[in-house]
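Order of the sequence lines sets the chain letters (A, B, ...), proteins ahead of strands, with each chain counted from 1. It should be emphasised that the depicted structure is a prediction, and the values quoted were computed from it without experimental measurement.
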There are 2 protein chains.
Amino acid sequence: MRDIAEKLNVSITTVSRALNNKMDVGEKTRKAVLELAKDLDYSPNAIASSLRKSKSNVIGIILPRLEHYFFSTVLKGVVSYAQKDNFIVTVSESSHNPKKESDLIGELIGMNVSGIILSPCRNEINLSYLNALKQNKIPLVLVDRIPTNYHGHYVRLNDYHGAQLAVKHLIQQGYKRIAHIRGHEYSSIAEARYQGYCQALKLNDIDYDLSLVKTCEFVSSEEGYYFTKELMLSPNPPDAIFTVSDEVALGVYNALKEMKLHIPNDVGVVGFSNSEVSNYLCPKLTTIDQPGIRIGEMAYEFLRNAFENNETAQQKIFEAKLLIRESSVRAKR
Amino acid sequence: MRDIAEKLNVSITTVSRALNNKMDVGEKTRKAVLELAKDLDYSPNAIASSLRKSKSNVIGIILPRLEHYFFSTVLKGVVSYAQKDNFIVTVSESSHNPKKESDLIGELIGMNVSGIILSPCRNEINLSYLNALKQNKIPLVLVDRIPTNYHGHYVRLNDYHGAQLAVKHLIQQGYKRIAHIRGHEYSSIAEARYQGYCQALKLNDIDYDLSLVKTCEFVSSEEGYYFTKELMLSPNPPDAIFTVSDEVALGVYNALKEMKLHIPNDVGVVGFSNSEVSNYLCPKLTTIDQPGIRIGEMAYEFLRNAFENNETAQQKIFEAKLLIRESSVRAKR
DNA sequence: TAAAGTTTCGTAAACGTTTACGGCAAAGTA
DNA sequence: TACTTTGCCGTAAACGTTTACGAAACTTTA
């Protein structure tokens, strides 16, 4: 900018105004500045600008695990929309670690980010950084996992209803003893899916059986495998399994195949997430669609609104959609 | 910082020195500063710091498609290593668009990033931004797709050798007419895999047959489906198909199943990438492992070295590993 | 023609750090 | 004692922008 100013015998102020299309600058000088800027291929120093305005065109997103398909689609949604507005997005991984999560938020605050998108790793919201964010006027929108007492911006899936759909579908297919392999209690989504499972049973007058519910620690395929063995070897085994995620269902598949049990005739299986894999399994896995890209896009939109003007909490709950495939439709008999 | 300085009756300079563990500060004052900083929960303004030092603790990564499993694992590798050094990583998506790619690099330069990791979308390197990067002393490490005439830092897989392994394996299994569904010519990796395919044929005295090679435009599962139909309906159809990616192999599977052709007995299939899906297909897909996380980690290491001291080009080529599963091992007959 | 309004521009301060330079003690050396 | 060294600290400038304020020049209006 100084170069341009000197060569044109104007002040740096004028150059700045010309480049930013402010009103206080003559047509001829603006033209000259813009032209010279091209020639010198000047590129604005975003750092300086953001220091002065104490506002950057950067937003941060914090996700529990980057390589998970669902989260990578959320990321894609956010990035693709942000790019349209020339916003840059920083990404970090909390690895399900609350301490790391709040450290990362601190870093982002130090970077003057304009906003933060967060998929919290716990079912409770850390008030200390909530305050820090409010103090710095940095909007926050939560994604996917929403603590029960949180009243700010968020976008998530209707996990409760999704689980209900899944279980209702299994019941309609004639399955009588439906097991559920769930996630940890401190995950809001695992809890919601579990509640949906319970509700569907209740609505169909099926007694809740504690021995049919298993709780994962890591929500891994290995746990799916392990719990399936446990369930099927029990005195009164289930004839269907509804899992908290497709990844767990993978383990269920392995266990059932190993035990020579047929899916869906011996045991019906329904997953959750519509991961890439699910449509290519044998048999194809019935699951709940989780539109990650749309969720990411919407989260970004909310952020955009939030730091443009809006004060009121924006909340979007995507309705769950059941994708009936092969793992849950019994051959007629 | 000013608050701290005033409350302690020292200068801002001293505070800065204390916080950064510089040597020019007394033990007692350092203690006092650090303690007060905690109390006020001061968090450093990274923007100001990076403006002054004209160096940020931010690195940028630009990938063609974020939701692709391989790229998301690369991203994970980069982010997890970067986080250990308190580096923040911004991520952008070029969508295979060279113009967008160079625009994004311009933005990153404006952000004073310390370095850039890039997976280029074309097989040629855009010299204009290479110069801009050199001018700003921003190191660049390329990942996965490396233009042939590029001599800087990079880390990639030995695609050439990987393809050779795949085709050699098919030949050893007794397949005689091996087709290849490849990617576009301007993709360095597609080209390398194609060359590996040719080389394996040559080494085994199998004539190259132009009609057995099909070129994808988008490297999609749909194209895999389409080309498989075309191949199998031709007068002299292949008995094996080697695809440029697992995604294409998905289409191959669909087409073959539709045509009631058995994998691997009628037609052998080998993919490339070891995507998440591949191990859960029926039959399980033989493929080439592509260790995304390790690649990402190494790319970050290279970057780290580059802006610490090193000048010489760091280059790493991971050796390809063939994962023999079910889609390519014929029942003995 | 004088007063008032408008357009265009410059001065200087600010954003929150870091750092070269120098000062002033206390401590060591001859 | 006179000198140098060392340890601790402050002053001020700098990083590249943006912006409140005001000043000139020019245009309009009465």
Side-chain angles (χ1 to χ4, degrees), chain A residues 1-34 36-37 40-58 86 106-114 132 135-138, chain B residues 1-34 36-37 40-58 86 88 106-114 135-138:
Chain A
M1 274 182 45
R2 189 171 39 199
D3 285 358
I4 300 182
E6 281 170 5
K7 295 210 186 190
L8 258 49
N9 271 327
V10 295
S11 74
I12 297 187
T13 306
T14 304
V15 175
S16 168
R17 281 196 273 246
L19 292 172
N20 295 355
N21 281 326
K22 292 290 175 64
M23 71 286 353
D24 267 13
V25 57
E27 248 342 287
K28 2 51 189 262
T29 45
R30 153 171 295 136
K31 284 269 174 63
V33 168
L34 291 182
L36 189 52
L40 303 181
D41 44 46
Y42 158 83
S43 76
N45 184 321
I47 294 287
S49 165
S50 115
L51 175 60
R52 174 58 228 246
K53 301 196 294 189
S54 59
K55 180 180 242 193
S56 66
N57 61 162
V58 176
N86 279 347
E107 270 193 73
L108 291 180
I109 293 178
M111 282 203 63
N112 267 347
V113 293
S114 303
Q135 209 169 343
N136 293 64
K137 295 203 183 309
I138 299 179
Chain B
M1 272 181 46
R2 190 171 37 197
D3 285 358
I4 300 182
E6 280 170 6
K7 297 209 186 194
L8 258 50
N9 271 328
V10 295
S11 73
I12 297 186
T13 304
T14 304
V15 175
S16 168
R17 280 195 275 245
L19 292 172
N20 296 356
N21 281 327
K22 291 291 174 63
M23 70 288 349
D24 267 12
V25 58
E27 247 344 286
K28 356 69 188 243
T29 46
R30 151 171 298 135
K31 283 270 174 62
V33 169
L34 291 181
L36 189 52
L40 303 181
D41 43 46
Y42 158 83
S43 75
N45 184 321
I47 294 286
S49 165
S50 113
L51 175 60
R52 174 58 227 244
K53 300 196 294 190
S54 59
K55 181 180 241 194
S56 68
N57 61 163
V58 176
N86 278 349
I88 282 186
E107 271 192 72
L108 291 180
I109 294 179
M111 283 203 61
N112 266 345
V113 294
S114 303
Q135 209 169 342
N136 294 65
K137 296 204 181 308
I138 299 179

Does [X] put a side-chain nitrogen or oxygen below 4.0 Å from OP1 or OP2 of [N]?
| X | N | answer |
| --- | --- | --- |
| B:Ser49 | C:dT17 | no |
| A:Ser16 | D:dT17 | no |
| A:Lys22 | D:dT19 | yes |

| message | Would the distance check show the side chain of B:Ser56 and the main-chain N or O of B:Asn112 forming a donor-acceptor pair, the cut-off being under 3.5 Å? | response | yes
[X] has a side chain; which of [options] sits nearest to it?
| X | options | result |
| --- | --- | --- |
| A:Asn45 | D:dT17, C:dA20, C:dT18 | D:dT17 |
| B:Asn20 | C:dT8, D:dT19, C:dT18 | C:dT18 |
| B:Ile12 | C:dT17, D:dT19, D:dG16 | C:dT17 |
| A:Lys53 | C:dT18, D:dG16, D:dT19 | D:dT19 |

| request: On DNA chain D, check which nucleotide each of A:Asp24 and A:Arg2 is closest to and give me the residue with the more 5' one. | output: A:Arg2
| Starting at the 5' end of DNA chain D and moving along, which residue's nearest nucleotide shows up first, A:Pro44 or B:Asn9? | B:Asn9
Confirm from the modelled atom types if [X] and [N] form a donor-acceptor pair under 3.5 Å, side chain to base only.
| X | N | value |
| --- | --- | --- |
| A:Thr13 | C:dT11 | yes |
| A:Thr29 | C:dT8 | no |
| B:Arg52 | D:dG16 | no |

Find the distance [X]:[atom1] to [N]:[atom2] and express it as a whole number of Å.
| X | N | atom1 | atom2 | value |
| --- | --- | --- | --- | --- |
| B:Ile109 | D:dG16 | CD1 | P | 15 Å |
| B:Asn57 | C:dT17 | CG | P | 14 Å |
| A:Ile4 | D:dT17 | CD1 | P | 9 Å |
| B:Met23 | D:dG7 | CE | C1' | 12 Å |
| A:Met1 | D:dC15 | CE | P | 13 Å |

| field | Any side-chain heavy-atom pair of A:Ile4 and A:Leu40 under 4.5 Å | value | yes
| remark: side-chain contact (heavy atoms from CB on, under 4.5 Å) with B:Tyr42: of B:Leu19, B:Asp3, B:Val33, B:Leu36, only one passes, and it is B:Leu19
| Would B:Thr13 and B:Ser16 count as a side-chain hydrogen bond (donor to acceptor under 3.5 Å, both in side chains) if you check the C-alpha gap in whole Å, the side-chain angles of each, and the deciding distance to 0.1 Å? | CA-CA 5 Å; B:Thr13 304; B:Ser16 168; over 6 Å; no
| query | Where do B:Asn57 and B:Asn86 come nearest, in terms of heavy atoms and distance? | reply | OD1-O, 3.1 Å
| said: Students often get this wrong, so: under 4.0 angstrom with heavy atoms, is B:Asp3 touching a base, only sugar-phosphate, or nothing? | reply: nothing
| Whichever of B:Arg17 and B:Tyr42 has its nearest DNA chain C nucleotide further upstream toward 5' | B:Tyr42
